[in-house]
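These notes concern the structure reproduced below.
Residue numbering restarts at 1 for every chain, and letters A, B, ... go by the order of the sequence lines.
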Amino acid sequence: MRVGNLPNAIVLPILTVAFLGAVFLSMACGQIDIPTENILATFCRSVGLPFLSEVPVTPEQETVLLHIRLPRTLVGLMVGAGLGTSGVVMQGIFSNPLADPGVIGVSSGAAVGAVAAIAFGFSETSLFALPISALCGALAAVILTVFLAMRHGKIPMMTLLLAGVVVGMMLGAVTAGILTVLSEQIIHQYLFWTIGGLDYRRWDHVIMGVGPILGGIAVMLLMARHLNVLVLGDVEARAVGMPVAKYRLGLLAVASLVTATGVCISGNIGFVGLVVPHMMRLIVGPDHRRLLPSSLLAGGTFLVFCDAVGRVIAYPTEVRVGIMTAFIGTPYFLWLLRRSRNTMQ
Amino acid sequence: MNDVVLAVEGLSAGYQKNINILADVSFAVRQGEMVGLIGPNGAGKSTLLKTLRGLLEPLSGRVEIEGSETSNLSSREFACEVAYLQQDIEISFGYSAREIVMTGRYPHLHWWEKESDEDIRIADACMAYTGVQDLAERPVHMMSGGQRQRVLLAKVLAQQTPLLFLDEPATGLDIFYQEEIFRFCRELCDRGKTVLMVVHEISLASKFCSRLMLVGGGRIISDGPPSMVMTSENLSHCYGVPVRVVQNPMTGSVEVFTEPPPDAGRRALLLDTILGRGKA
């Protein structure tokens, strides 16, 4: 029988438990460990529920929970969910399981924007300067890629993929060029940005990302049935009456916006957008109406989990989440791949 | 007559401007006809079918389906008139037969709608008709050629269109499935569907199709009932090699075979090299 056919009744509870577990872990672990009842008490108190009022919560704990860990966890959930769903959509648009959200130059464009902001010093002027500069870079790169691939109003997918690779390389060179003339300290700052991280994410970052990411995810979820058709390729989709170019360009724009926003508020986090869709496809199958929601949940869970583990694994140093995703995801993914190959034969 | 469902006028088609694969083709197809497009490889049969379906922009001329010009139809309206089965589809990502057949319902739904029970019932009926209902949950990429082709046929049937365009639906299948595909089409045409199919199985085509079109050299060389089109003369001219057409008195069907081309003797000289025997 086919792999990846687990019924919702099994998958949903597991995903939900994993999701809550990751959130809890992310709230509890770190430089100070906070006991479960204190977390719950703080939560009840801040939303006005009359439970657990007898549990003593120190002001320090409350600050850590509400102003450090909660926004950090929320940013992680948003970015992870965004990367998971955009990954599914990009793989669907390109009918290619190896596409990832950065494939059309988003990440490299964001990097140029970020390095420019750091180099010219306006990353110091405001908390928003670096993310906004990175967002502009990312969107400019996507527009450039699409423009390069477009001929006679049509966008051949293979050309788009190659244009994405070329633009990525070119922008990589631009980034490297700028870096060579910068001081070591600034380069370190940039390096820190390229390995994505969730540390020092505040409520401002949550507010910055919530609109584009949640809006984009909603649009992608609405388009799930159409993705099932689009993924079968150009001819097949047109044969059943889909205006392919319109849907493709629209979905490409939404997925790029979500990815770009994610990259801007948390740096470049690889792996989630490529591997979470894969994992979920192996577990729930290729139907986007199940694949998208489960990748959304799994993406958020995975990123927050990696972040929490990264905080405690090498205490007192923090391992950035961009490193953790690769370290935790690779073995699991390989195991899944091997297992699915065995069952297929 | 007003039962013409497909009218083609002065159609030129091809992949590049100024390079016509087909030039100035005109014909009309009536409801219930089962038309086989035959001809040598590269004659432009698939190009014709793709252009009629609107997947290729016609270089000139017009195509009318049930009285309306196809260039005025929206993608969805077009897909409600014609279902198209392409050659060599690769179905990746492990989609199951049911999921593929369900995509045939796509043009009947608005973008925000989801499939209703009625759509599921139609898809199930189509799968049962082509005999793949037991494979409904199996991934298509793990099926044999015959099973896959019947799944894809169920998909185009689920589209419930008056016209059906099939591009080499029987190629690569074993003898039973080949005939089975033709039998399905025959039955559907008897009930009022109109089928245009590109085929290489000329004998089967002349047995099942109500009309054949012989395509060659960028035009339609011969068009009419099989008995009229299937002559040694027509086929030899079109394929460019001597072709013999013989009526088999036992089965009543037509047998077609070619004779070795004139340069076959010259090729024999190369055999020693190819087989690695001519060292001395």
**Q.** Heavy-atom contact with chain B under 4.5 Å, split by part of Asn96(A)
**A.** backbone

Q. If we only count heavy atoms from C-beta on, is the Arg105(B) to Val240(A) side-chain gap below 4.5 Å?
A. no

(Q) Once you measure the plane-to-plane angle for Tyr106(B) and His226(A), does it fall in the parallel (<30°), tilted (30-60°) or perpendicular (>60°) bin? (A) perpendicular

(Q) Quick check for you: among Ser95(A), Ala224(A), Ala237(A), Gly233(A), which has the greatest number of heavy-atom pairs under 4.5 Å with chain B? (A) Ser95(A)

Q | Most contacts with chain A, counted as non-hydrogen pairs under 4.5 angstrom, among Ile100(B), Leu109(B), Val82(B), Val156(B) | A | Leu109(B)

Q | Minimum side-chain heavy-atom gap Tyr84(B)-Glu236(A) below 4.5 Å | A | no

Q) Any chance CG of Asp117(B) has more than 12 other-residue heavy atoms, nucleotides or ligands included, within less than 6.0 Å? A) no

Q. Looking at Gln91(A), Met223(A), Arg289(A), which has the largest count of heavy-atom pairs under 4.5 Å with chain B?
A. Arg289(A)

Q.
To check you understand the geometry: which heavy-atom pair defines the closest contact between Ala79(B) and Ala239(A), and what is its length?
A. CB-O, 3.7 Å

Q: Enter the distance from Lys155(B):NZ to Leu232(A):CG here, rounded to the nearest 0.5 Å.
A: 7.5 Å

Q | Leu55(B) backbone acceptor or donor facing Arg238(A) side chain under 3.5 Å | A | yes

Q.
At a 4.5 Å cut-off on heavy atoms, which part of Arg76(B) comes close to chain A: side chain, backbone, both, or neither?
A. both

Q. If you draw a 6.0 Å radius around CZ in Phe147(A), do more than 12 non-hydrogen atoms from other residues or ligands fall strictly inside?
A. no

Q: Mark yes when over 12 heavy atoms from residues, nucleotides or ligands other than Phe27(B) sit less than 6.0 Å from its CZ; otherwise mark no.
A: yes

Q. Within a radius of less than 6.0 Å around CD of Glu69(B), do more than 12 heavy atoms belonging to other residues, nucleotides or ligands occur?
A. yes

Q | Met242(A) versus chain B, the contacting section by heavy-atom distance below 4.5 Å | A | both

(Q) Treating Glu99(B) as the side-chain partner and Asn228(A) as the backbone partner, does any N or O pair qualify as donor plus acceptor under 3.5 Å? (A) no

Q) Where is the tightest heavy-atom contact between Arg225(A) and Glu113(B), given as atom of each residue plus distance? A) NE-O, 2.9 Å

Q: Using modelled atom types only, decide if a donor and an acceptor are shared between the side chain of Arg281(A) and the backbone of Phe93(B) within a distance under 3.5 Å.
A: no

Q: Report yes or no: does Tyr95(B) contribute a side-chain atom to a donor-acceptor pair with the main-chain N or O of Pro286(A) at less than 3.5 Å?
A: yes

